[in-house]
Structures are given as C-alpha cells and as structure tokens.
A.B. asks: 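Mind looking over this structure? Questions follow.
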Amino acid sequence: MWIRDYFLKKNPSFHWRLYLLYGQVFLFIAFCLPALQRHPALIVILISFVSAIQWESFDKINGLPYTNLFTTGNLKGMASSLYDFRKTKETAAKIRFLHFSRVIIAFILGCLMTLFWLSFVHVNIFVAIAGAFFLLALFRSYWILRKNDWSHF
C-alpha cells in the first residue's frame, strides 16, 4: 500500500501498478545471477515478497475480485456464480461466472506455458517469468499511453 501511495503522489496520472511490474522484471532477472543462485533461501524470501505485493496490488479485473496466486477461490467463485445464474438467470451472475472462468483459463494457460518453457526451450524459468512480466508491462504501458494520447511524454 505504501508503494501505491508513493507512486500516486509522485505521478497521479500514471498507473502505479506498472512500476510494480517493471520492478518485478528486474527482480526476476536478478534471480538468474550466479551470486543469488547460491542462496536459494534469499530467492524464496524475495519471491514471497513479490507474491505479497501481487496479492495486494492485482486483486480486481474490471472491478470484479479474483485471486491471482492460486485458483481455489476462483473455482469457488465460478461455481457459485454458475449456480446463481442457473437459479436466478441474472446477468450479473453470468458476468461473474464468465469472469471467474476466464481467470481460471488464464491460470491453466500460464501453467501450460511454464511447462512449455521448462520442457522444450530449457530456459531459466526466472528469465521466462521476467519476460512475461516485461511483455505485460510493455503492453499495458502502450495501452495507457495510447488511451491518453501519449500525453505523458
């Protein structure tokens, strides 16, 4: 929350979550350094720290809540929303069901992509994660700048 407040005060027109994504890119690249590879406990501590930041910072998509680190809560939300929709036929329940379904599909696709990178490309998983975060941050930066007519430059 301190990170959010700091960057919102520094530049309220820019999206503070991008700073977190770019920071995570550099952190996961640092995990590949031989000096850190010799200290797996430090890497686990840093991954836990990054996970805590993600848990707090990335908790909604289009105003709807989701769990971004594992999918059991999303499965519960999907099942509950499906039941609600089947029972009431309300559009809001259908929207929630589709929302949680997309989150679960994205989670599964992420797992499959990780398996691909590990099994076929044999790339260091930290490089793959850093690359994924970097592409996400670049895409989001482009989208924000395009939406704001590049007024940040």
Side-chain angles (χ1 to χ4, degrees), residues 1-4 7-8 14-147:
M1 294 175 82
W2 174 84
I3 293 169
R4 181 190 65 209
F7 284 113
L8 284 175
F14 202 67
H15 292 253
W16 61 273
R17 288 180 181 96
L18 282 175
Y19 292 106
L20 295 176
L21 282 175
Y22 285 115
Q24 290 173 13
V25 168
F26 293 115
L27 191 57
F28 277 98
I29 288 173
F31 291 161
C32 298
L33 298 173
L36 280 180
Q37 291 284 321
R38 289 190 295 267
H39 303 286
L42 180 61
I43 291 176
V44 170
I45 291 167
L46 291 172
I47 289 174
S48 297
F49 180 70
V50 168
S51 296
I53 290 173
Q54 286 182 349
W55 180 273
E56 179 64 32
S57 303
F58 302 99
D59 62 345
K60 289 187 177 118
I61 299 174
N62 296 328
L64 294 172
Y66 77 107
T67 306
N68 61 3
L69 296 178
F70 48 88
T71 197
T72 53
N74 298 322
L75 284 169
K76 179 185 175 206
M78 183 184 75
S80 299
S81 299
L82 177 60
Y83 177 80
D84 290 344
F85 175 67
R86 300 264 319 195
K87 184 178 177 184
T88 65
K89 304 293 185 211
E90 291 179 0
T91 304
K94 180 180 178 182
I95 290 170
R96 285 192 312 274
F97 167 72
L98 293 173
H99 163 74
F100 285 115
S101 297
R102 284 189 287 266
V103 168
I104 291 167
I105 290 168
F107 187 86
I108 292 168
L109 289 175
C111 291
L112 293 174
M113 287 173 50
T114 301
L115 284 174
F116 170 78
W117 283 104
L118 286 173
S119 300
F120 297 111
V121 182
H122 302 291
V123 69
N124 186 319
I125 192 61
F126 294 126
V127 173
I129 292 170
F133 281 146
F134 186 65
L135 289 175
L136 178 63
L138 281 179
F139 173 76
R140 187 69 177 161
S141 297
Y142 173 77
W143 184 84
I144 289 168
L145 292 172
R146 186 170 164 225
K147 180 180 173 186

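Each residue takes its place number in the sequence, starting with 1. What's counted below: heavy atoms across the whole structure, side chains too, no hydrogens, waters or symmetry copies.
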A.B. asks: Given the rule in the side-chain contact (heavy atoms from CB on, under 4.5 Å) test, do Val50 and Leu46 qualify, once you have shown the distances and angles that lead to the verdict?
C.D. replies: CA-CA 6 Å; Val50 168; Leu46 291 172; 5.6 Å; no
A.B. asks: Which heavy atom in Val25 sits nearest to a heavy atom in Phe134, and how many Å separate them?
C.D. replies: CG2-N, 3.3 Å
A.B. asks: For residues Phe28 and Ala130, report the shortest heavy-atom separation together with the two atoms involved.
C.D. replies: CB-CB, 3.8 Å
A.B. asks: With a 4.5 Å limit on heavy-atom distance, are the side chains of Phe133 and Ile29 in contact?
C.D. replies: no
A.B. asks: Between atom CG of Leu112 and atom CD1 of Ile105, what is the distance when rounded to the nearest 0.5 Å?
C.D. replies: 11.5 Å
A.B. asks: side-chain contact (heavy atoms from CB on, under 4.5 Å) for Phe49 and Ile45? Distances and angles first, verdict last.
C.D. replies: CA-CA 6 Å; Phe49 180 70; Ile45 291 167; 5.7 Å; no
A.B. asks: Can you list every salt bridge (charged side-chain N to carboxylate O under 4.0 Å, His left out) pair that touches residues 82-102, not counting sequence neighbours?
C.D. replies: Asp84-Arg96
A.B. asks: Could you go through the side-chain contact (heavy atoms from CB on, under 4.5 Å) check for Leu138 and Tyr22 one step at a time?
C.D. replies: CA-CA 9 Å; Leu138 281 179; Tyr22 285 115; 3.7 Å; yes
A.B. asks: For Ser80, enumerate each residue passing the side-chain contact (heavy atoms from CB on, under 4.5 Å) test, keeping only those at least two apart in sequence or located in another chain.
C.D. replies: Lys76
A.B. asks: Begin from the C-alpha positions of Asn74 and Phe107 and carry the test side-chain contact (heavy atoms from CB on, under 4.5 Å) through to its verdict.
C.D. replies: CA-CA 10 Å; Asn74 298 322; Phe107 187 86; over 6 Å; no
A.B. asks: Applying ring pair (Phe, Tyr, Trp, His ring centres under 6.0 Å), can you list everything that pairs with Phe97, at least two apart in sequence or on another chain?
C.D. replies: none
A.B. asks: How close do Ala137 and Leu21 get, counting heavy atoms only, and between which atoms?
C.D. replies: CB-CB, 3.8 Å
A.B. asks: Using 0.5 Å steps for rounding, measure from the CG atom of Leu42 to the CD1 atom of Ile47.
C.D. replies: 10.0 Å
